[in-house]
Amino acid sequence: MEKVDGMAVVLKYRESDQDGILVFCSGIQMLKPEFFDVHPFRYLMKSYSREKLTYEIRLILEKMIENKKETFLIVCSDGRMDKVPVRDILYISNRKHGSNIHTFSKQTQKSEEFICNRKLKEIYEELKNQHFEYAHNSYIVNFQAVVGLKNNSIQLEDSTMLNISRSKKERFHKRFSQYLGQKYRRNRREEG
């Protein structure tokens with residue numbers, strides 16, 4: 001790209017799309033620390049064999065397809081209906097006559113709260129197979145939103161800190177470990 005710095009282009013792209021699949025392809029290997037700031041999915045070398053490139057392209061396409069399978073939670077309250085992307089949900093908490101859905105959009109860096117008429121237990125049944133688990137009797141957490149976990153504390157993407165109750169700790173940690181194992185399994189297979 002003549003007279004255009006590729007890193008400047010990538011940084012500009014990341015400003016508008018935090019979740020896009022980013023792949024570097026180069027003829028020279030020059031990994032720089034700032035490359036990791038933009039969270040590339042792959043760094044491909046032009047010198048790769050046809051088989052290696054085919055394999056990498058298949059993984060990239062699989063990741064793109066996976067990212068397009070966006071699911072939503074339909075939230076109804078007082079005659080209003082909202083379609084909330086599950087990936088934006090940080091956690092869902094109990095309230096007297098329903099639930100509060102706490103969200104954070106990585107794209108807009110905006111937090112929102114939705115009031116829902118449905119009970120937490122009912123929502124959990126819908127979302128438990130989408131990486132949600134009880135951390136406390138009064139809230140469930142989206143594992144995809146967890147950026148830190150230490151003993152009995154959870155830090156979420158928007159810096160919210162939540163506690164894990166003693167009664168939920170063992171199951172929460174077990175399911176979170178399973179989630180991480182599943183998430184990073186592909187990387188381990190590729191290294192082997």
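FYI, the numbering just counts along the sequence from 1.
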Legend entry - side-chain contact (heavy atoms from CB on, under 4.5 Å) evaluation trace for K46 with S26: CA-CA 6 Å; K46 291 179 181 177; S26 179; 5.8 Å; no
Inset, instruction - Apply the test side-chain contact (heavy atoms from CB on, under 4.5 Å) to residues K83 and L73: give CA-CA distance (whole Å), side-chain angles for both, the deciding distance (0.1 Å), then the verdict. - result: CA-CA 6 Å; K83 188 175 169 184; L73 181 67; over 6 Å; no
Inset, instruction - Please assess E133 against K128 for the test salt bridge (charged side-chain N to carboxylate O under 4.0 Å, His left out), listing each intermediate value before the final yes or no. - result: CA-CA 6 Å; E133 186 54 60; K128 68 182 177 186; over 6 Å; no
Inset, instruction - Would you check, one step at a time, whether the test side-chain contact (heavy atoms from CB on, under 4.5 Å) holds for Y179 with Q144? - result: CA-CA 9 Å; Y179 162 74; Q144 296 176 71; 3.4 Å; yes
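Linking ILVMFWY side-chain heavy atoms closer than 4.5 Å, directly or via other members, places I115 and I140 in two distinct hydrophobic clusters. When hydrophobic clusters are built by joining Ile, Leu, Val, Met, Phe, Trp and Tyr residues whose side-chain heavy atoms come closer than 4.5 Å, directly or via intermediates, V147 is not grouped with F104. A continuous path of Ile, Leu, Val, Met, Phe, Trp and Tyr side chains, each step under 4.5 Å between heavy atoms, connects Y91 with V146, placing both in one hydrophobic cluster. Taken together through direct or relayed side-chain contacts under 4.5 Å among Ile, Leu, Val, Met, Phe, Trp and Tyr, V86 and I92 form part of one hydrophobic cluster.
In this structure the side chain of F176 never reaches within 4.5 angstrom of the side chain of V141, judged on heavy atoms. Side-chain atoms of F114 and C116, non-hydrogen and from C-beta on, never get closer than 4.5 Å to each other. With contacts defined as side-chain heavy-atom distances shorter than 4.5 Å, the pair S111/H102 does not qualify. With a 4.5 Å cut-off on side-chain heavy atoms, I60 and L44 count as touching. Counting heavy atoms from C-beta outward, M81 and I74 have side chains that approach closer than 4.5 Å. Counting only heavy atoms from C-beta outward, the side chains of N152 and K169 approach each other to under 4.5 Å. Side chains of T54 and R50 form a contact here, defined as non-hydrogen atoms less than 4.5 Å apart. The side-chain heavy atoms of Q130 and T71, taken from C-beta on, include a pair separated by under 4.5 Å.
You'll find the ring centres of F143 and F172 inside the 6.0 Å limit.
In summary, of the residues considered (F132, Y139, Y134), a ring-ring contact (aromatic ring centres under 6.0 Å, His included) with Y124 occurs for Y134 alone.
With rounding to the nearest 0.5 Å, the separation of OG in S165 from CG in L162 is 11.5 Å. Separation of atoms CG (N117) and CZ (R80) is listed at 12.5 Å; rounding is to 0.5 Å. Here S177 contributes atom OG and Q182 contributes atom CD; the two are 12.5 Å apart, rounded to the nearest 0.5 Å. If you take CG on L127 and CD on E122, they are separated by 10.5 Å, rounding to the nearest 0.5 Å. Taken to the nearest 0.5 Å, the CG atom of N163 stands 8.0 Å off from the CE atom of M161. One distance of note links CD1 of I164 with NZ of K150; it measures 13.0 Å at 0.5 Å rounding.
For M45, the CE atom counts as densely surrounded, since its 6.0 Å shell holds more than 12 non-hydrogen atoms of other residues, nucleotides or ligands.
Counting only N and O atoms by type, the side chains of T103 and E113 include no donor and acceptor under 3.5 Å apart.
In terms of modelled atom types and a separation under 3.5 Å, the side chain of N142 and the main chain of I89 share a donor-acceptor contact. Between the side chain of S105 and the backbone N or O of K110 there is no donor-acceptor pair closer than 3.5 Å. In this structure a side-chain-to-backbone donor-acceptor pair under 3.5 Å is present from S99 to L120. In this structure a side-chain-to-backbone donor-acceptor pair under 3.5 Å is missing from T160 to L156. A donor-acceptor contact shorter than 3.5 Å is absent between the side chain of H97 and the backbone of K119.
For R118 and E126, the salt-bridge test passes: some basic side-chain N is under 4.0 Å from an acidic carboxylate O.
Contacts of F72 classified as ring pair (Phe, Tyr, Trp, His ring centres under 6.0 Å), with partners at least two apart in sequence or in another chain: none.
Both tests hold for K52 against Y48: distance to the six-membered ring centre under 6.0 Å, angle to the ring axis within 45°.
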